[in-house]
Amino acid sequence: MTEQDIKRLMEKYLNGTLTKREESLLEKFDSNLLTKNENHVFHNKTQKEYIKRKLSKGIHQKPKSPMPKWMATAASLALLLALGYFAYSKFYKKPSPLAIVEVVKTTEWGKKMNITLPDGTEVRLNSGSTITFPDRFEENTREVELSGEAFFDVTRNPDKPFIIKSGEVSTEVLGTSFNVNTYPENQQIAVTVATGKVKVASKDAEVLLGPNEQGVFDRSTKTISKEQIDIATFLQWKNGVLHFEDVTLSKVMESLEQWYGVTFVFENENFGDCHLTASYDNEMLSAVLESIMYTKKGLDYEYVADKTIMIKGKCTD
């Protein structure tokens, strides 16, 4: 009998329409032949066990036609298992693989967010930032995209490097913690390492960074520089601390806009020439502004709209 003949007879048995003559044909089917070809019939052990359970259960059920004699013999089970592929395809439907879904998380200005990626990596997303990642990592790498700023504490997996795409720059690690600052409006992309080692690469250059080192990619020159830094200063933002070290007031106000989600307008064009060194630990905006006005005499502020603040007066260092 051909394979098609066997499948046809098996289907008739399952439907209860097997004739006496066809029953005799099955009786002549040599179970030894089945044993020799068992490995070709089944795709895997799971499939074989599945069919055994399914068909063994069927042996004890009353069929639509009289029970054939061959079913009572040891060879009957072997015969049914030989037809496993047919029955398996009839009984068992392999689930379709689920499509990978792209996840996008965005923070508004003045807001921050904690995110846990599918591999357990912890991310602290700063204000005005967007991170894009798959709902599961199935490739040989774990790739995400970042616009803005985020601190990553990456789950170690030597078999799947963790890669952050930030425009022209990629940051690759196995398991470490570091900060990436890649706001689109900034001239530079900065990667600052807290623990472990990180590779920062562009099309034309790359650097390896260790703890307390920072790599900076310049968008105009396409170069990457590397320097030693005080890591605590660059990571204070994730703990709610604003730190300014001899920064112009115009830059300070830009940071306050991002931090608190407000807009500043200036009565005096020369306002930004003054400098400020200060730290603010989870302070309200009003407290920060009062501190700046106290430090920089001659300045004042006024709300001219719900989230718009005018800085008035003249600053003197």
Side-chain angles (χ1 to χ4, degrees), residues 101-135 137 141-155 162-173 176-195 198-203 207 209 213-220 222 224-225 229 231-245 247-248 250-264 280 282 285 288 307:
V101 178
E102 185 180 81
V103 180
V104 180
K105 298 289 186 181
T106 299
T107 51
E108 298 177 358
W109 292 113
K111 304 291 183 181
K112 298 175 181 63
M113 183 186 301
N114 291 323
I115 302 166
T116 301
L117 301 184
D119 65 334
T121 292
E122 300 288 340
V123 180
R124 176 67 167 168
L125 197 62
N126 205 352
S127 303
S129 303
T130 298
I131 186 171
T132 304
F133 56 92
D135 64 347
F137 296 111
T141 59
R142 297 168 287 168
E143 293 193 15
V144 304
E145 293 183 14
L146 175 69
S147 175
E149 184 172 22
F151 178 82
F152 293 84
D153 190 354
V154 177
T155 298
F162 190 93
I163 300 174
I164 302 167
K165 299 289 187 180
S166 307
E168 299 177 75
V169 173
S170 67
T171 304
E172 180 178 335
V173 302
T176 185
S177 58
F178 57 97
N179 193 80
V180 179
N181 186 321
T182 178
Y183 285 108
E185 61 271 21
N186 291 349
Q187 180 62 34
Q188 299 175 327
I189 297 174
V191 178
T192 310
V193 179
T195 61
V198 171
K199 180 173 76 173
V200 179
S202 66
K203 181 180 178 182
V207 296
L209 304 175
E213 290 185 332
Q214 183 180 73
V216 177
F217 173 77
D218 189 286
R219 297 182 196 267
S220 59
K222 310 300 181 184
I224 303 177
S225 60
I229 46 86
I231 187 65
T233 300
F234 288 90
L235 299 184
Q236 287 179 326
W237 70 265
K238 71 186 185 70
N239 297 319
V241 177
L242 265 171
H243 177 76
F244 303 106
E245 189 69 35
V247 178
T248 64
S250 58
K251 290 293 184 181
V252 169
M253 293 305 165
E254 287 179 12
S255 296
L256 294 183
E257 287 181 331
Q258 297 176 0
W259 197 269
Y260 294 102
V262 296
T263 300
F264 289 99
Y280 304 100
N282 289 284
L285 175 59
V288 174
K307 290 189 175 183

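The structure presented is a predicted model; accordingly, all values stated were derived computationally and were not measured.
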Practice task
Decide side-chain contact (heavy atoms from CB on, under 4.5 Å) for F162 and V198; before the verdict, give the C-alpha distance in whole Å, the side-chain angles of both, and the deciding distance to 0.1 Å.
Solution key: CA-CA 10 Å; F162 190 93; V198 171; over 6 Å; no
Practice task
Please report the shortest heavy-atom distance between W237 and R124, naming the atom on each side.
Solution key: CH2-O, 3.1 Å
Problem - For the student: nearest non-hydrogen atoms of F133 and P118, plus distance - result: CD1-CD, 3.9 Å
Practice task
Would you give the length of the straight line joining atom NZ of K112 to atom CD of E149, rounded to the nearest 0.5 angstrom?
Solution key: 9.5 Å
Problem - Minimum heavy-atom distance between T155 and R142, given as atom pair plus value - result: O-NH1, 2.8 Å
Problem - Partners meeting side chain to side chain donor-acceptor pair (under 3.5 Å) with T116 (sequence neighbours left out) - result: E122
Handout entry: Partners passing side chain to side chain donor-acceptor pair (under 3.5 Å) against T130 (at least two apart in sequence or in another chain)
Key = T106
Practice task
With sequence neighbours excluded, give me every salt bridge (charged side-chain N to carboxylate O under 4.0 Å, His left out) pair touching residues 254-264.
Solution key: K251-E254
Practice task
Please confirm whether the backbone N or O of S127 pairs with a side-chain atom of S129, one donor and one acceptor, at under 3.5 Å?
Solution key: yes
Problem - Minimum-distance pair of heavy atoms, taken over all atoms of I163 and S170 - result: CG2-CB, 4.2 Å
Handout entry: Side-chain donor/acceptor of N126 to backbone N/O of W259, under 3.5 Å
Key = no
Practice task
Measure the NZ-CG distance between K199 and L209 for me, rounded to the nearest 0.5 Å.
Solution key: 12.0 Å
Handout entry: Contacts of E213 that satisfy salt bridge (Lys or Arg N to Asp or Glu O under 4.0 Å) - sequence neighbours left out
Key = K226
Problem - Side chain to side chain, F234 and V193, heavy atoms closer than 4.5 Å - result: no
Handout entry: Side-chain (T132) to main-chain (V104) donor-acceptor, under 3.5 angstrom
Key = no
Problem - Donor-acceptor contact below 3.5 Å, side chain D135 vs main chain V101 - result: yes
Practice task
Please work out which of the three classes, parallel, tilted or perpendicular, describes the rings of F178 and F152, given edges at 30° and 60°.
Solution key: parallel
Practice task
To the nearest 0.5 Å, tell me how far Y280 OH sits from H243 NE2.
Solution key: 11.0 Å
Handout entry: Heavy-atom pair with the smallest gap, counting every atom of S166 and V180
Key = OG-CG1, 4.0 Å
Problem - Which residues share a side chain to side chain donor-acceptor pair (under 3.5 Å) with E168, sequence neighbours left out - result: K222
Exercise for the section: Please check if the side chain of N186 supplies one atom and the backbone of Q188 the other of a donor-acceptor pair under 3.5 Å. Expected result: no
Handout entry: More than 12 heavy atoms from other groups under 6.0 Å of CD on Q187
Key = yes
Practice task
Report the distance from atom CG of D119 to atom CG of L117, rounding to the nearest 0.5 Å.
Solution key: 5.5 Å
Exercise for the section: Could I get the full list of side chain to side chain donor-acceptor pair (under 3.5 Å) partners for T192, not counting sequence neighbours? Expected result: Q214
Exercise for the section: Nearest 0.5 Å please: distance from the CD1 atom of I189 over to the CD1 atom of I224. Expected result: 9.0 Å
Handout entry: S147 backbone acceptor or donor facing T182 side chain under 3.5 Å
Key = no
Exercise for the section: Check whether any side-chain heavy atom of Y260 lies under 4.5 Å from a side-chain heavy atom of L242, and answer yes or no. Expected result: yes
Exercise for the section: Search all heavy atoms of S202 against all heavy atoms of F217 and return the closest pair with its distance. Expected result: CB-CE1, 3.7 Å
Fill in the blank from the handout: Interatomic distance, CD@E145 vs NZ@K165, rounded to 0.5 Å, equals 8.5 Å
